[in-house]
2 protein chains.
Amino acid sequence: MVSIEATHQGSTRDRILIAADDLFYRQGFEHTSFAHIAQAVEISRGNFYHHFKSKDEILDAVVERRLAFTGELLKQWEVQARDPVGRIHLFIDLLTRNEKLIVRYGCPVGSLCTELGKLEHAALEQAKQLFSLFRTWLRRQFTSAGCRRGADIWAMQLLARTQGAATLASALQDEQFLGREVSAMHAWVDDVCSRFASPCS
Amino acid sequence: MVSIEATHQGSTRDRILIAADDLFYRQGFEHTSFAHIAQAVEISRGNFYHHFKSKDEILDAVVERRLAFTGELLKQWEVQARDPVGRIHLFIDLLTRNEKLIVRYGCPVGSLCTELGKLEHAALEQAKQLFSLFRTWLRRQFTSAGCRRGADIWAMQLLARTQGAATLASALQDEQFLGREVSAMHAWVDDVCSRFASPCS
DNA sequence: GTCTATATAATGATAGAC
DNA sequence: GTCTATCATTATATAGAC
């Protein structure tokens, strides 16, 4: 994975996108103004319009960037774990790795889609695809694990469970609950894959 | 339950609260301006400040109103169903009764808490109590159903599952998924209460 | 490519007539 | 209790110098 994230280098356009992504997540899209992003990137407000025509265009680019990173992440997991069940566990562990952020701000995907839905923002269609990426990938892992029937159901259930855990944990600021849910999800995956895997593969 | 909701009667203050509640839910708190509310209530913008000192004060009153309605709803369910398991099913059915709205705008409680968290709004503390009301009530039902151990765990799991179902269903605009999750939750409750209920009560 | 103005619109909030 | 008129602030967005 290209580590543009951690550095202060990169083109101004990239730095805008990185700052905007972070602020859209922590403050929400609408509540984040150009002034906020400008302060983070340390450029003037007027400079934005050389790189993006409008705030909506920044959002589009942010979502595109997230889609690209998510795709890379999913590829990584396929290398890190050979067996599909192990890969699903890697997905669940994402909640643990980003624990602090999730307890504070919820899931970046879920909260963005919820906000864009209320704003009736056209970018929701693209943001939804973040879910679709995870959904398709998880479905493939469940199928590979031997769950020929209902792989999409299991994928959606797991996805929903992560959303519920993130929403409730962040609303109540309860990281112990998040940890318990993560453990329960790990156990659930093992249970599902052992119970519903076709004996004759 | 007092049916102020359905009527155009009531004091101006109440009509403001009803319209604000609806708009905060559908459009989000920050995205809803006085102009929006004024148009819905059919009063002038300046008239607001006779009833509320600020927008935040309207939010506080809206949350207080929701807390009161939620309390009434929980009381109703205790009358409608004698057995605790039946009461839990009534809670789950709330997702079905509000299906259209939830698929479109998500859960009113979860999405409000998520937004207020990102805005670092003080009213989050009150909004959280909406979850606490459901949590305490569900815990009591699980306990009454015989689940002496882990009643709070079951309550939180169910609460989280409704949040996940609402978030994902609204993000993907998938009401079939919501329906499937509701069915699965009904089955899950019966399973939990039969497996974990103490034999000797 | 970056900056300093500036235009324009919308917002929350106030003052005062009726 | 409701209205109109207005203020101060903030927001997105533009124009043009360097």
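Everything numeric in this text was worked out from a predicted model, so none of it was measured. Here is how names work: the chains are called A, B, and so on, in the same order as the sequence lines, proteins then strands, and each is numbered from 1. Reckoned from all heavy atoms, side chains included, excluding hydrogens, waters and symmetry mates.
The main-chain N or O of A:Arg161 is never found under 3.5 Å from a side-chain atom of A:Glu181 such that the two would form a donor-acceptor pair.
B:Glu57 has its CD atom 13 Å from the C1' atom of C:dA13, to the nearest Å. Going from atom CZ of B:Phe29 over to atom P of C:dT11 covers 14 Å, rounded to whole Å. In this structure, NE2 of B:His31 is placed 15 Å from P of D:dA11, rounded to the nearest angstrom. Counting to the nearest Å, the C1' atom of C:dT4 and the CZ atom of A:Phe48 are 15 Å from each other. A straight line from CD of A:Gln39 to P of C:dC3 spans 14 Å, rounded to a whole angstrom. We find that CG of B:Asp56 is positioned 12 Å from C1' of C:dA13, with the value rounded to whole Å. If you measure from atom NZ of B:Lys55 to atom P of D:dT9, you get 19 Å, rounded to the nearest angstrom. Distance, B:Ile16 CD1 to C:dG12 P: 13 Å, rounded to whole Å.
Within 6.0 Å of CD on A:Glu42 lie no more than 12 heavy atoms contributed by other residues, nucleotides or ligands.
When the nearest nucleotides of DNA chain D are assigned to B:Ser44 and A:His36 by heavy-atom distance, the more 5′-ward of the two goes with B:Ser44.
Here the side chain of B:His50 is nearest to one of D:dG1, C:dA13, D:dA11, namely D:dG1. Nearest nucleotide to the B:Arg45 side chain, out of D:dA13, D:dT6, D:dG1: D:dT6.
Side-chain N/O atoms of B:His186 and B:Ser183 include no donor and acceptor closer than 3.5 Å.
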When you look at A:Phe34 and A:Phe52, which way does the ring pair (Phe, Tyr, Trp, His ring centres under 6.0 Å) test go after all the steps? CA-CA 11 Å; A:Phe34 282 120; A:Phe52 301 96; 9.1 Å; no
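At the heavy-atom level, B:Tyr49 lies under 4.0 Å from base atoms of the strands shown. Residue A:Ser33 is in sugar-phosphate contact alone, with no base atom involved, counting any heavy-atom pair closer than 4.0 Å across all strands shown.
In summary, B:Arg26 and B:Asp22 engage in a salt bridge, as defined by a charged side-chain N under 4.0 Å from a carboxylate O.
The shortest distance between the side-chain N/O atoms of A:Asn47 and the OP1/OP2 oxygens of C:dC3 is below 4.0 Å. OP1 or OP2 of D:dG1 has not a single side-chain nitrogen or oxygen of B:Thr12 nearer than 4.0 Å.
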